[in-house]
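Following: one structure in structure tokens, then a few remarks.
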Amino acid sequence: MGKKYNLCRAGDIGKDLYLPSELMNTYGLNEGDTIKLRCGSASIPVRALALNSMESSHDQEIRLSDTAFSALNIPEGIFLAVQSAGIRELRLGPLIGILTFAKHLPSRLDYYNKYVFTKKNKGLICIFSGHDIDVSRNTIRGYHYDYAAKSWKQGLFPFPDVVMDRCYPSSKKNHSLLSKVMGAGKIFNNTTRITKTDFFKTVREDKFLQKYLPTTELLKSSSDLERFLPKFGSVYLKPVDSMKGKGIVMVTSTNNKLECRYNLNGTDTITSIPSHKQLPEILFTAAGEKRNYIMQQAIHCMEYGGGPFSFRTCPMKDETNTWLLPGMVVIGTMGKSHVTNYASGGRRIPLKNLFNSILPRLQCNKDDFMLLLKEITLKTALLLDRNFGPLGELGVDIILDQNGHPWLLEANANPARTPAFIQTEYPSWRKQVYEYIIGYANYLAGF
């Protein structure tokens, strides 16, 4: 991304920009030239002046007058890159915005420390909520990290070069406000909830991925189950936009009745009904409200610890706009539920422990199996990014049947994954989860 410069205060009252001689020469500037200076959405005319070459740190600093700092709405003491933005126009950046919930500010600001201190970041990161967006003034009120004070400080900023959405689900209203000033394609993780219908419609486009997709249809009426269930014996009914496994019902045909299994207030619940006519009541009880559902072939899952497990692979983009797979986790039910997620009592399983148990049941060696999971994951990421992007990261859910065949279930477009422990297979994941996403933000910002 190029060299970064410490942004310091010059103290004079004119709109002046003091540059090292190397930058004056690079951009063909003469002493006193008037140029346009941009940072985020802010733009002001400044007079370009050369820093005093006798000062020891002149080649590592850029200095702005008090008036210029105020006009740009940026703090001093940060590190920014400089690039040409046209004839007699320079740009400072990157200015990276992170959109979060208003209720998380300022109480959860420490969560973002690792984004600030990753080696990929030497720009300005601003944390803000939708309530802080002021389109009329082209400003955002948010928080930046003050390196000198070693704490977060609130301030007024220009609209960023790029925004990482950390809200779930995302707010289209906030995206619309931001895009009015920033332009299109500058918000990533902009679709944080991909419905199951949209997911399967999109992923079916790829011939390679088709063989890893369970048969899935929209449940238009409860009578559809009469036709669908006999094909598989057991099916899952899932809300098209469910979160954390809420509302999922497993239906099995047994003894001329339908056995419905679902999680109710944290308890694994089984209810038998005489026919599909009672299904709407079951779905309403499981979901807590009326929802649209899909029907999905139930996979007879491979088990670990007495219950099914799932892989959550976590692809991310890096500073070259390339999808990579820095890590994955495995979540198991340990016999407590039929749904593999944390909200239903799922627990993390170290990959080493899992493979010690399941390797004899797989149809290939561990390396080939991991390569297959990677190929499924990255092809899925490319398709979803093309249709719902720009995306910077995903959580992709994959289960195994009893023969070790992978089945692709869904993807979460804003997982905000924080690796809880170091896994032998992915020793650098804890670091990469922050480096990659900030690197991608730099790319999207044009730096």
As a test of understanding, state which of T333, V329, I399, L400 forms a side-chain contact (heavy atoms from CB on, under 4.5 Å) with S310.
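Of T333, V329, I399, L400, side-chain contact (heavy atoms from CB on, under 4.5 Å) with S310 is met by I399 alone.
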With T380, which of I376, T377, L382 fulfils side-chain contact (heavy atoms from CB on, under 4.5 Å)?
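The residue from I376, T377, L382 that satisfies side-chain contact (heavy atoms from CB on, under 4.5 Å) with T380 turns out to be I376.
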Closest approach of [X] and [Y], non-hydrogen atoms and distance?
X    : Y    : value
K15  : S65  : CA-OG, 3.6 Å
Q83  : G446 : NE2-O, 3.2 Å
Y115 : M164 : CE2-CE, 4.1 Å
M328 : W429 : O-CZ3, 3.4 Å
P20  : I62  : CD-CG1, 4.4 Å
M295 : L218 : CE-O, 3.9 Å

So [Y] and [X], do their side chains get closer than 4.5 Å, heavy atoms only?
X    : Y    : answer
H144 : C126 : no
I194 : N387 : no
Y112 : I125 : no
N6   : Q60  : no
V251 : C260 : yes
F157 : F128 : no
I127 : Y111 : no
L225 : Y293 : no

Just by distance, no angles: are the side chains of [X] and [Y] close enough, under 3.5 Å, to form a donor-acceptor pair?
X    : Y    : answer
T267 : N265 : no
T195 : D198 : yes
K317 : N321 : yes

Between [X] and [Y], is there a donor-acceptor pair closer than 3.5 Å when you use the side chain of the first and the backbone of the second?
X    : Y    : value
E319 : Y443 : no
D132 : S129 : yes
D224 : S221 : yes
K186 : L444 : yes
T216 : P214 : yes
N403 : H405 : no

Does the ring centre of F117 sit less than 6.0 Å away from the ring centre of Y145?
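Close enough - the centres of the two rings lie under 6.0 Å apart.
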So that I know where these two stand, are Y212 and W407 an aromatic pair - ring centroids less than 6.0 Å apart?
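No, ring centres 6.0 Å or more apart.
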For the atom pair [atom1] ([X]) and [atom2] ([Y]), what is the distance rounded to the nearest 0.5 Å?
X    : Y    : atom1 : atom2 : result
L72  : L7   : CG    : CG    : 8.5 Å
K153 : D146 : NZ    : CG    : 4.0 Å
L219 : R291 : CG    : CZ    : 13.5 Å
L213 : Q297 : CG    : CD    : 10.0 Å
S171 : L177 : OG    : CG    : 8.0 Å
L371 : C364 : CG    : SG    : 9.0 Å

Tell me whether [X] at atom [atom1] has more than 12 heavy atoms from other residues, nucleotides or ligands lying less than 6.0 Å away.
X    : atom1 : value
R108 : CZ    : no
K352 : NZ    : no
E281 : CD    : no
K211 : NZ    : yes
K366 : NZ    : yes

Taking the inter-plane angle between the rings of F309 and F311 on a 0 to 90° scale, is it parallel (under 30°), tilted (30 to 60°) or perpendicular (over 60°)?
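Ring orientation, 0 to 90° scale: perpendicular.
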Flag the pair [X] and [Y] as a salt bridge only when some basic side-chain nitrogen lies within less than 4.0 angstrom of an acidic carboxylate oxygen.
X    : Y    : result
R166 : E393 : yes
R91  : E89  : no
K3   : E22  : yes
K120 : E435 : no

Kindly determine whether Y434 and N121 satisfy side chain to side chain contact (heavy atoms under 4.5 Å, CB included), including the steps that lead there.
CA-CA 10 Å; Y434 302 103; N121 174 53; over 6 Å; no
Is there a side chain to side chain contact (heavy atoms under 4.5 Å, CB included) between L237 and Y262? Walk through the geometry before answering.
CA-CA 10 Å; L237 305 179; Y262 52 95; over 6 Å; no
Verdict with reasoning, Q296 to E410, per side chain to side chain contact (heavy atoms under 4.5 Å, CB included)
CA-CA 12 Å; Q296 188 172 90; E410 64 180 352; over 6 Å; no
Check the pair V82, L92 against side chain to side chain contact (heavy atoms under 4.5 Å, CB included), reporting the backbone distance first and the verdict last.
CA-CA 5 Å; V82 183; L92 302 177; 3.8 Å; yes
For Q432, side chain to side chain contact (heavy atoms under 4.5 Å, CB included) partners two or more places apart:
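Testing Q432 for side chain to side chain contact (heavy atoms under 4.5 Å, CB included), a comparison that skips the adjacent residues, returns P326, S428, Y436.
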